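Encoded as structure tokens, the structure appears first; notes follow it.
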Amino acid sequence: MSGWKQQFVQNIAALLIAIGAVSLVLILVARPDWWTGLLASSVAVAIAITATVPVSIWGSRQPPEVAALVGVVSGMLRLVVAASCVILAVSVGKYPALPSLTLLIPLYFAVLLVETRRQKHELSASDWNKSNSTL
């Protein structure tokens, strides 16, 4: 599997795991409007992940230093797209504001965590390859 495809699958997997963890908490809360907010936030983060695929493809073909910067930009773009989608769902779709915006946070951070770990691993592997090529 190529780099961006693996990244996409890992991001979706992180989103699904986070949805599962948040769902366990929502069972304890027992408020239906929070389930609706989880739906809005989940769809927003999935759209944001998909929207940043072209940026990730381009970044995966760049040198490690540029790829790291592209990763940061991709994370910020993902946040803007996800927040915009949730705001649209709240204002036009009449989803509950507090649950939708609150539940966006753990879902976004779960995807960001996976993305950051992957970039750290790629950069450290790149540095290792550079140091061995000069020997």
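The analysis underlying the following values was restricted to heavy atoms, covering all of them including side chains, and did not include hydrogens, waters or symmetry mates. Since the model is a prediction, treat every value here as computed from it, not as a measurement.
- Annotation for A89 and A40: closest pair CB-CB, 4.2 Å, computed over non-hydrogen atoms.
- Residues P99 and S41 approach most closely at O-OG, 4.3 Å, considering heavy atoms.
- Between W35 and V29 there is no side-chain heavy-atom pair separated by less than 4.5 Å.
- Taking CG of L39 as the reference point, atom CD1 of I19 lies at 9.0 Å (rounded to 0.5 Å).
- For S74 (side chain) and V70 (main-chain N/O), no donor-acceptor pair under 3.5 Å exists by modelled atom type.
- A distance of 12.0 Å separates CG of L38 from OG1 of T102, quoted to the nearest 0.5 Å.
- L112 belongs to a hydrophobic cluster whose other members, connected by ILVMFWY side-chain contacts under 4.5 Å either directly or through intermediates, are L79, I105, Y108, F109.
- Note: N11 CG to T50 OG1 = 9.5 Å, rounded to the nearest 0.5 Å.
- The backbone N or O of I49 sits less than 3.5 Å from a side-chain atom of T52, completing a donor-acceptor pair.
- V90 and S100 make their closest contact through CG2-CB, 4.0 Å (heavy atoms, listed as atom of the first residue, atom of the second, distance).
- The heavy-atom pair separating Q7 from S56 by the smallest distance is NE2-OG, 3.0 Å.
- The shortest distance between side-chain heavy atoms of I87 and S84 does not fall below 4.5 Å.
- Under the 4.5 Å side-chain contact rule for hydrophobic residues, L113 and L104 do not share a cluster.
- For residues 33-62, the salt bridge (Lys or Arg N to Asp or Glu O under 4.0 Å) pairs, not counting sequence neighbours, are R31-D33.
- At least one donor-acceptor pair under 3.5 Å links the side chain of S60 to the backbone N or O of I57.
- Closest of all the heavy-atom pairs between A18 and P106 is CB-O, 4.4 Å.
- The cluster map of Ile, Leu, Val, Met, Phe, Trp and Tyr, joined by side-chain heavy atoms under 4.5 Å apart, puts V81 and L88 in different clusters.
- Shown are V25, V86, V45, V22; of these, the side chain to side chain contact (heavy atoms under 4.5 Å, CB included) with L103 is made only by V22.
- Looking only at side-chain heavy atoms (C-beta outward), Q10 and E115 stay at 4.5 Å or farther from each other.
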